[in-house]
Asks: 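I am attaching a structure below and will ask some questions about it afterwards.
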Amino acid sequence: GWISMSGPLSNLVLAVIFKAISGFINNSLISLAITFNLLFAFYNVLPIPPLDGSRMFFGSRLIYALSFFFVLAAVILLWVDIPIVIALVGAVLIALIGWLLYYIFIEKGFWHGPY
């Protein structure tokens with residue numbers, strides 16, 4: 001599961017690098033590269049069988065939940081025009097909250113009671 005996370009993470013790293021470059025050089029090709037890497041990172045984390053998301057999902061659902069929430073939050077926050085550091089810290093916080101909610105409500109079965 002962790003090894004499969006390297007694909008979407010590399011796309012997010014490339015998007016962050018291109019977003020940092022776009023602060024100095026405003027070019028349509030750079031904004032296209034940002035958009036492509038963000039969309040490809042989100043597409044790659046989906047649990048469709050040949051993609052990395054399916055390997056994470058079938059490897060460990062907890063790792064998948066953490067990585068899915070992180071990639072989804074990072075894509076949304078990097079798409080919006082906010083500073084990169086705030087977007088990444090916000091994505092980590094949103095991923096931890098989403099992972100915790102997934103664990104409480106799905107894995108532990110909070111609404112089913114003690115049985």
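Along the sequence shown, residues are numbered consecutively beginning with 1. Owing to the predicted nature of the structure, the values given are computational and were not obtained by experimental measurement.
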Asks: Kindly compute the distance separating CZ (Arg61) from CG (Leu66), expressed to the nearest 0.5 Å.
Replies: 15.0 Å

Asks: Rounded to the nearest 0.5 Å, what separation is found between the CG atom of Asn26 and the CD1 atom of Ile21?
Replies: 13.0 Å

Asks: Table please: side-chain donor-acceptor pairs of residues 88-104 below 3.5 Å, with sequence neighbours left out.
Replies:
unit_1: Trp99; atom_1: NE1; unit_2: Leu62; atom_2: O; d: 3.4
unit_1: Tyr102; atom_1: OH; unit_2: Glu107; atom_2: OE2; d: 3.0

Asks: Show the nearest heavy-atom pair for residues Ile84 and Ala20, with the distance to one decimal.
Replies: CD1-N, 3.7 Å

Asks: Quick one: CG on Leu9 to CG on Leu14, what's the gap to the nearest 0.5 Å?
Replies: 11.0 Å

Asks: Let me check something: do Leu38 and Leu32 share a hydrophobic cluster, defined by ILVMFWY side-chain heavy atoms less than 4.5 Å apart, either directly or through other members?
Replies: no

Asks: Using the side chain to side chain contact (heavy atoms under 4.5 Å, CB included) criterion, which residues pair with Ser22? Sequence neighbours excluded.
Replies: Lys19, Ile30, Ile34

Asks: With a cutoff of under 4.5 Å between side-chain heavy atoms, which Ile, Leu, Val, Met, Phe, Trp and Tyr residues group with Ile3?
Replies: none

Asks: With side chain to side chain donor-acceptor pair (under 3.5 Å) as the rule and sequence neighbours excluded, what pairs involving residues 40-55 come up?
Replies: Asn44-Asp52, Asp52-Arg55

Asks: Should Ile17 and Leu39 be counted in the same cluster of Ile, Leu, Val, Met, Phe, Trp and Tyr side chains packed under 4.5 Å apart?
Replies: yes

Asks: So, do Val16 and Leu78 sit near enough that their side-chain heavy atoms are less than 4.5 Å apart?
Replies: yes

Asks: Looking only at heavy atoms, what is the nearest atom pair of Ala87 and Leu77, with distance?
Replies: O-CD1, 3.4 Å

Asks: Taking only residues at least two apart or on different chains, which pairs with a member in residues 4-38 satisfy ring pair (Phe, Tyr, Trp, His ring centres under 6.0 Å)?
Replies: Phe36-Phe40

Asks: Measure the CG-CG distance between Asn37 and Asn11 for me, rounded to the nearest 0.5 Å.
Replies: 5.0 Å

Asks: Determine, stepwise, if the pair Met5 / Ile63 fulfils side chain to side chain contact (heavy atoms under 4.5 Å, CB included).
Replies: CA-CA 9 Å; Met5 183 58 191; Ile63 293 173; 5.7 Å; no

Asks: Can you tell me which residue pairs pass the ring pair (Phe, Tyr, Trp, His ring centres under 6.0 Å) test with a partner in residues 65-91, sequence neighbours excluded?
Replies: Tyr64-Phe68

Asks: Checking side chain to side chain contact (heavy atoms under 4.5 Å, CB included) for the pair Leu12/Val75: CA distance, chi angles, key distance, verdict?
Replies: CA-CA 8 Å; Leu12 287 177; Val75 165; 4.2 Å; yes

